[in-house]
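Beneath this line is the structure, given in structure tokens, with notes to follow.
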Amino acid sequence: MQIFDLTGKVALVTGGNGGIGLGIAAGLAEAGATVVINGRNREKNAAALATLRETGGTASALEADLRDPAACRNLVDRVVAAQGRIDILVNNSGINFRKPPQDFTLDDWHAVIDTNLTAPFLLCQAVYPHFQEQGGGKIINIGSIAAFMGSPVGVAYAPSKGGITQMSKALAVAWAPENIQVNTIQPGWIDTPLSQGARAEIPGLEDAVIARTPAGRWGTPGDFAGAAVFLASSAADFVNGAALVIDGAYSVKA
Ligand code: NDP
């Protein structure tokens, strides 16, 4: 369908070299976008590019550690230098340290907040002048159901995800007059390297998630492709400041 077509659009997907980010990058590429993925790990970047290109996608990768504010600003300049424009920003990179709150160090706190909240903020600021000049653009920020649910091992993760959700609403309101849409996707429990760590550390988590999820399974990175294409496309031009939960009904189950 024409309204979902992303041909001619350039998308930056942070953390696009694996997990949910790769699922999103694959969806955007399949819809016609030129996709630039980012991650710190060169081997993961190369493997993800091979996957994206296997299915005919146009993709490239840029290494950057987004904990460095200068690297965030520079990343957008590098995308524009290489591709001539940027139309879609997906802030997907994220980390968590599963520790009890009392054991969380200040360094742990800063690592999570820098990666999950400050970097997305700086990247949103960095794309703004380009979107303004081009007459609009799309930002998709990846939150979590941890934005509105409690977790005993999410003392920094939860506020980082609550923060990115509320930041997205603030940006949506501020930049709507300039035809910029800023929405959040809130994943539930998804089978990725991040959650594999959680399953290794939390006995019974694998089965507990299935038992509580009405859909009866863990989510997969592919579950995010369609939602990302929708939010990145002209089909969602009047969708702004929304937070779309993708969790197989986990969080609404009584
Ligand atoms: P993964 O661990 O699979 O992927 C995380 C990605 O972030 C990797 O591509 C990693 O690349 C990148 N990344 C991490 N730190 C940095 C950094 N400093 N600079 C640049 N890139 C970085 O996680 P998921 O796919 O599971 O998570 C993706 C998003 O979804 C995250 O924001 C996460 O919080 C969120 N989410 C995930 C859920 C789940 O159940 N999996 C549930 C709810 C939300 P590299 O290692 O190469 O740097």
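Both counts, for ligands and for their atoms, begin at 1 and track the order of listing. Note that the structure is predicted; figures quoted are calculated from it, not measured.
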If you link I, L, V, M, F, W and Y whenever their side-chain heavy atoms are under 4.5 Å apart, who else ends up in the same group as Trp218?
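Members besides Trp218, by chain and number: Ile145, Phe148, Met149, Trp189, Ile202, Leu205, Val209, Ile210, Val245, Tyr250.
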
How long is the gap from CD1 on Ile164 to CD on Gln186, to the nearest 0.5 Å?
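Ile164 CD1 to Gln186 CD: 9.0 Å, rounded to 0.5 Å.
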
Salt-bridge criterion met for Asp108 and Lys99 (N-O under 4.0 Å):
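Yes, this pair counts.
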
Pair Arg40 + Glu63: basic N to acidic O under 4.0 Å
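Salt bridge: no.
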
Tell me the salt bridge (Lys or Arg N to Asp or Glu O under 4.0 Å) pairs involving residues 64-78, sequence neighbours left out?
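Qualifying pairs, neighbours excluded: Arg67-Asp114.
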
For ligand 1, what are the residues with a heavy-atom contact below 4.0 Å?
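Its neighbours under 4.0 Å (heavy atoms only) are Gly15, Asn17, Gly19, Ile20, Asn38, Gly39, Arg40, Asn41, Lys44, Ala64, Asp65, Leu66, Arg67, Asn92, Ser93, Gly94, Ile95, Thr115, Ile142, Gly143, Ser144, Tyr157, Lys161, Pro187, Gly188, Trp189, Ile190, Thr192, Pro193, Leu194, Ser195, given by chain and number.
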
Going by side-chain hydrogen bond (donor to acceptor under 3.5 Å, both in side chains), name the residues that satisfy it together with Thr115, two or more places apart in sequence or in a different chain.
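Not a single residue meets the side-chain hydrogen bond (donor to acceptor under 3.5 Å, both in side chains) criterion with Thr115.
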
